[in-house]
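What follows is one structure encoded as structure tokens, with my remarks underneath.
Along the sequence shown, the residues carry numbers beginning at 1. Since we're looking at a predicted model, the values are computed, not measured.
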Amino acid sequence: MRKRGAFITLEGIEGAGKSTCMALAARLLRDAGRELVESREPGGTPLGEALRELLLGHRHDGMAVDTELLLMFAARAEHLHRKILPDLRQGRWVLCDRFTDATYAYQGGGRGVEESRIAVLEKWVQGDLKPDLTLLLDLPPEVGLERAGKRSKPDRFEKERVSFFERVRRVYLQRAADEPRRFRVIDAARPLEEVERQVAEVVQEFLAAWS
Ligand code: TMP
């Protein structure tokens, strides 16, 4: 039987440089001969992308926190069953821009949902599946928001205050400390070449350990 592919996720607050690092990680993995699927959350499937629009757009400003949480997991269930799990089973590697750590950080830390409630949904939707590697691009929220603000009109999350992102960051760092084998924390406040060097090192180290 073909070995299942590896599941790698990227996390971080807005403006941490996720897109650049995703592109770099994808190139390194493909160069190493891995068959790779790139995806994102919320999103990754037609229904997931439709839910993303509802979640990030401003048509439903003031959406109840439980609605937001359940829509994140609805998009995730679709993504897992229609894409991530079939791909991993076929031996393909999946590189995903955000996953459940984002729910703990944003809905848990940011919005104040109890961790135990998120854990129930995580177990229901994912069973025991977790990413094999998570790169956390860490930087102070003021720096990230300043960078993100220069790009485009803020979405429903980007318009939150710095204190919201401080709580998000705290939860991400706590999770990284709790699961040091899965997480690699990248100092994303450093100049871009340095951040890319750190990402490349982590990816190469993971490739060597997996094969
Ligand atoms: P981004 O991936 O383009 O940064 O935007 C996705 C936004 O959705 C980001 O602000 C984080 C947020 N989000 C959550 O609040 N919970 C989640 O579970 C996920 C996957 C994303």
Side-chain angles (χ1 to χ4, degrees), residues 9-23 37-87 94-126 129 131 134 136-137 139-172 175 188:
T9 58
L10 252 98
E11 300 280 358
I13 60 166
E14 342 300 287
K18 265 188 309 106
S19 310
T20 314
C21 294
M22 271 284 287
V37 175
E38 289 174 71
S39 201
R40 68 173 181 181
E41 289 214 348
T45 64
L47 175 52
E49 291 293 328
L51 292 172
R52 179 185 177 95
E53 263 184 57
L54 295 178
L55 280 159
L56 301 197
H58 291 284
R59 266 182 70 196
H60 304 286
D61 275 339
M63 168 187 306
V65 173
D66 277 356
T67 312
E68 181 178 292
L69 173 67
L70 291 166
L71 286 177
M72 289 292 177
F73 271 103
R76 184 160 300 135
E78 186 72 6
H79 195 199
L80 271 170
H81 295 300
R82 303 236 173 252
K83 192 162 171 180
I84 297 177
L85 290 172
D87 278 327
V94 176
L95 176 63
C96 194
D97 183 343
R98 299 193 189 280
F99 195 62
T100 308
D101 295 302
T103 313
Y104 282 99
Y106 284 78
Q107 281 64 55
R111 305 271 194 238
V113 175
E114 270 172 52
E115 192 183 329
S116 58
R117 299 182 66 203
I118 300 174
V120 169
L121 292 168
E122 179 184 31
K123 187 83 188 162
W124 180 0
V125 169
Q126 295 165 225
L129 181 89
T134 299
L136 172 59
L137 302 172
L139 86 175
E142 312 84 67
V143 181
L145 291 176
E146 157 91 15
R147 286 189 197 161
K150 288 187 185 142
R151 287 198 305 245
S152 54
K153 184 169 170 283
D155 65 30
R156 222 168 49 79
F157 291 97
E158 286 165 346
K159 71 173 181 35
E160 289 295 336
R161 294 165 203 274
V162 171
S163 57
F164 176 92
F165 293 102
E166 274 163 0
R167 296 195 298 278
V168 170
R169 182 190 192 195
R170 217 174 300 136
V171 172
Y172 269 139
R175 292 181 67 72

### Task
Please answer whether the main-chain N or O of Arg117 pairs with a side-chain N or O of Glu114 as donor and acceptor at a distance below 3.5 Å.
no
### Query
Will you find, in the side chains of Arg76 and Thr103, an N or O donor that is under 3.5 Å from an N or O acceptor?
yes
### Message
Any side-chain to backbone donor/acceptor pair from Gln107 onto Val65? Under 3.5 Å, distance only.
### Response
no
### Task
Would you check if the side chain of Arg169 reaches a backbone N or O of Phe164 as a donor-acceptor pair within less than 3.5 Å?
no
### Exercise: identify the closest heavy-atom pair between Pro42 and Ala75
CB-CB, 4.4 Å
#### Entry: From CE (Met63) to NE2 (His58), nearest 0.5 Å
11.0 Å
### Message
Tell me the closest heavy-atom pair linking Gly109 and Val171, and the distance in Å.
### Response
CA-CG2, 3.5 Å
### Task
List the atom of Asp155, the atom of Leu56, and the distance in Å for their closest heavy-atom pair.
CB-O, 3.4 Å
### Message
Taking atom CZ as the centre, does Arg82 end up with more than 12 heavy-atom neighbours from other residues, nucleotides or ligands that are less than 6.0 angstrom away?
### Response
no
### Task
Check Glu115, Glu122, Arg175 against Tyr104 for a side chain to side chain donor-acceptor pair (under 3.5 Å) and give me the one that passes.
Glu122
### Message
Working to the nearest 0.5 angstrom, can you tell me the gap between Leu54 CG and His60 NE2?
### Response
5.0 Å
### Query
Which heavy-atom pair separates Val168 from Ile13 by the least distance, and what is that distance?
CG1-CG2, 3.8 Å
### Task
State the CG-CG distance between Leu136 and Asp101, to the nearest 0.5 angstrom.
8.5 Å
### Task
Give a yes or no on whether the backbone of Cys96 and the side-chain of Glu38 come within a donor-acceptor separation of less than 3.5 Å.
no
### Message
Before you tell me yes or no, could you show the steps for Glu158 and Lys153 under salt bridge (charged side-chain N to carboxylate O under 4.0 Å, His left out), namely the whole-Å CA-CA distance, both residues' side-chain angles and the distance that decides it to 0.1 Å?
### Response
CA-CA 9 Å; Glu158 286 165 346; Lys153 184 169 170 283; over 6 Å; no
### Query
For the atom pair CZ (Phe165) and CD (Glu14), what is the distance rounded to the nearest 0.5 Å?
4.5 Å
### Task
Provide the closest heavy-atom pair for Val162 versus Pro141 in the form atom of the first, atom of the second, distance.
CG1-CB, 4.1 Å
## Note on the structure
dist Met22:CE -> Thr9:OG1 (nearest 0.5 Å) comes out at 10.0 Å
### Query
Distance-only, no hydrogens or angles: does the Arg40 side chain make a donor-acceptor pair with backbone N or O of Asp97 under 3.5 Å?
no
#### Entry: Criterion side-chain contact (heavy atoms from CB on, under 4.5 Å) on Arg98 and Tyr106, from CA distance to verdict
CA-CA 11 Å; Arg98 299 193 189 280; Tyr106 284 78; 3.4 Å; yes
#### Entry: Steps toward side-chain contact (heavy atoms from CB on, under 4.5 Å) verdict (Met72, Leu121)
CA-CA 10 Å; Met72 289 292 177; Leu121 292 168; over 6 Å; no
## Note on the structure
Note: Gly15 and Leu139 closest approach over all heavy atoms is O-CD1, 3.9 Å
#### Entry: Any donor-acceptor pair under 3.5 Å from Arg156 side chain to Leu55 backbone
yes
### Message
Measuring only between side-chain heavy atoms, which start at C-beta, is Leu129 closer than 4.5 Å to Leu85?
### Response
yes
### Task
Could you give me the CA-CA distance, side-chain angles and deciding distance for Phe99 and Leu80, then say whether side-chain contact (heavy atoms from CB on, under 4.5 Å) is met?
CA-CA 10 Å; Phe99 195 62; Leu80 271 170; 4.2 Å; yes
### Query
When rounded to the nearest 0.5 angstrom, what is the spacing between CD in Glu49 and CD in Glu78?
11.5 Å
